[in-house]
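Following: one structure in structure tokens, then a few remarks.
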Amino acid sequence: MDPTSTIFSFLSLLLFGSATNFNRDLPSESCRFPAIFNFGASNSDTGGYAAAFIQLKSPNGDTFFGMPAGRFCDGRLIVDFTGGIYASLMPREETFSKALYTFDIGQNDLTQSLFLNMTIVQVIAAIPDIVNHFSDIIKNLYNLGARSFWVYNTRPLGCFPKILTSFPLAEKDSVGCAKPYNLLAQRFNVELKNALARLRIEFPLATIVYVDLYAALYSLYTHPTKNGFEHPLVACCGYGGKYNYSEEAICGGKISVNGKNITVGSCKDPSVRVSWDGVHFTEAANKFAFDLVSSGDFSDPPIPLKLACHPSSRTKETGVRSGKSQISQIIIRF
């Protein structure tokens, strides 16, 4: 995993509310995390990359903030919904062992390799090293005192307008996503899930939760209308082609059309769209996914977010509830 593609962001966090008694094997006391430490790339970056390297322009941020706010989105990210919008303050030293550590990984590791002209088979061969490096990061954080880990798997890459535009000849699945690239994401997710299971055995006093963000988001492609969305494969902020995406037409940037300079702007209603700019998701899609995964329905073990401070060893690890995620049982062939 390339450390330069990982952005560290910090949000103050205090979770309130009574526990949901869905499983008698789970502790009933809600967690009160004093802080969140998030590790991830631009899908969960609340401003680090923008502050250091690039100035984002409107319509980024317009839906919630009314202006660009360092996020590659029209508004809030999943990490914002996780922690709320609080002032960024450096925590006290004793906070580190009580904080929630969230991880949003895999997408850059896979897609950057693809755009460096690696084949899918070559990228698959690199997945064990990527996951092993991530496991080492978890171990190092544990040795520094971290105990609560909330780990998102990678998203359905084959549904991204950028992937669909870049690889137009790829086989499509029943909803129009590029099947080989979704299978690649699933392969990564299987490896990640297995690695986290091994870490739970090694560190029984920690809470290490695998969160199936892939399954939550894929439902937006299989049942968009039912969930209040439309045109899930088409970028909201972009220009050109079947998927409203082009490398030359970056959201908020300027392009020349018929001799006139125009700004690449937003679609009319981002609240009913899934893809923001062809790579990242809209605030509405982020909120939809957060509401699903925070319940524990898409987690292994099935722990809701507000109980993620309790060691995994105190829960019954029976797989993901309700059968909503079967990713570890998929046999993937290329």
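It should be emphasised that the depicted structure is a prediction, and the values quoted were computed from it without experimental measurement. Residues take their numbers from the sequence shown, with the count starting at 1.
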Q.
Checking Ala289 now: which residues fulfil side chain to side chain contact (heavy atoms under 4.5 Å, CB included) with it, not counting sequence neighbours?
A. Ile78, Leu213, Leu217
Q) Are any of the side-chain heavy atoms of Asn153 and Gln186 separated by less than 4.5 Å? A) no
Q: Report yes if some heavy atom in the side chain of Tyr142 is under 4.5 Å from a heavy atom in the side chain of Glu202; otherwise report no.
A: no
(Q) With a 4.5 Å cut-off on side-chain heavy atoms, are Lys306 and Cys31 touching? (A) no
Q) Can you tell me if NZ on Lys172 sees more than 12 non-hydrogen neighbours from other groups inside 6.0 Å? A) yes
Q: Establish, yes or no, whether the cationic atom of Arg155 lies under 6.0 Å from the six-membered ring centre of Phe160 and within 45° of the ring axis.
A: no
Q: Sort out for me which residue in Phe37, Phe134, Tyr210 forms a ring-ring contact (aromatic ring centres under 6.0 Å, His included) with Phe103.
A: Phe134
Q | With sequence neighbours excluded, residues passing side chain to side chain contact (heavy atoms under 4.5 Å, CB included) with Asp62 | A | Ser58, Pro59
Q.
Could you work out, with side chain to side chain contact (heavy atoms under 4.5 Å, CB included) as the rule, every residue matching Thr263, not counting sequence neighbours?
A. Lys254
Q. What disulfide (SG to SG under 2.5 Å) pairs are there with at least one residue in residues 105-223, not counting sequence neighbours?
A. Cys159-Cys177
Q: Could you tell me which residues satisfy side chain to side chain contact (heavy atoms under 4.5 Å, CB included) with Ser135, sequence neighbours excluded, listed by chain and number?
A: Val131, Ala195, Leu199
Q) What side-chain hydrogen bond (donor to acceptor under 3.5 Å, both in side chains) pairs are there with at least one residue in residues 264-276, not counting sequence neighbours? A) Asn60-Trp276, Asp269-Ser271
Q) Apart from Ile262 itself, what residues make up its hydrophobic cluster, given side-chain heavy atom links below 4.5 Å? A) Tyr239, Ile255, Val257, Val264
Q.
My understanding is that only residues two or more places apart in sequence, or in another chain, count here; which of them pass disulfide (SG to SG under 2.5 Å) with Cys237?
A. Cys251
(Q) If you define the side chain from C-beta out and look only at heavy atoms, does anything of Leu305 sit under 4.5 Å from Val293? (A) no
(Q) Do Phe149 and Ile138 have side chains that approach each other closer than 4.5 Å (heavy atoms only, starting at C-beta)? (A) yes
**Q.** Residues which pass salt bridge (Lys or Arg N to Asp or Glu O under 4.0 Å) with Lys162, listed by chain and number, not counting sequence neighbours
**A.** Glu247
Q) Does Phe96 offer a backbone N or O that forms a donor-acceptor pair with the side chain of Tyr101 under 3.5 Å? A) yes
Q.
Just to verify, what does Thr282 make a side chain to side chain donor-acceptor pair (under 3.5 Å) with, not counting sequence neighbours?
A. none
Q: Only counting residues at least two apart or in another chain, list the ones meeting salt bridge (Lys or Arg N to Asp or Glu O under 4.0 Å) with Asp277.
A: none
Q) How would you list all residue pairs meeting salt bridge (charged side-chain N to carboxylate O under 4.0 Å, His left out) that involve residues 229-244, not counting sequence neighbours? A) none
Q. Among Asp300, Val211, Leu192, Thr102, which one satisfies side chain to side chain contact (heavy atoms under 4.5 Å, CB included) with Val151?
A. Leu192
Q) Are any non-hydrogen side-chain atoms of Val272 and Pro224 less than 4.5 angstrom apart? A) no
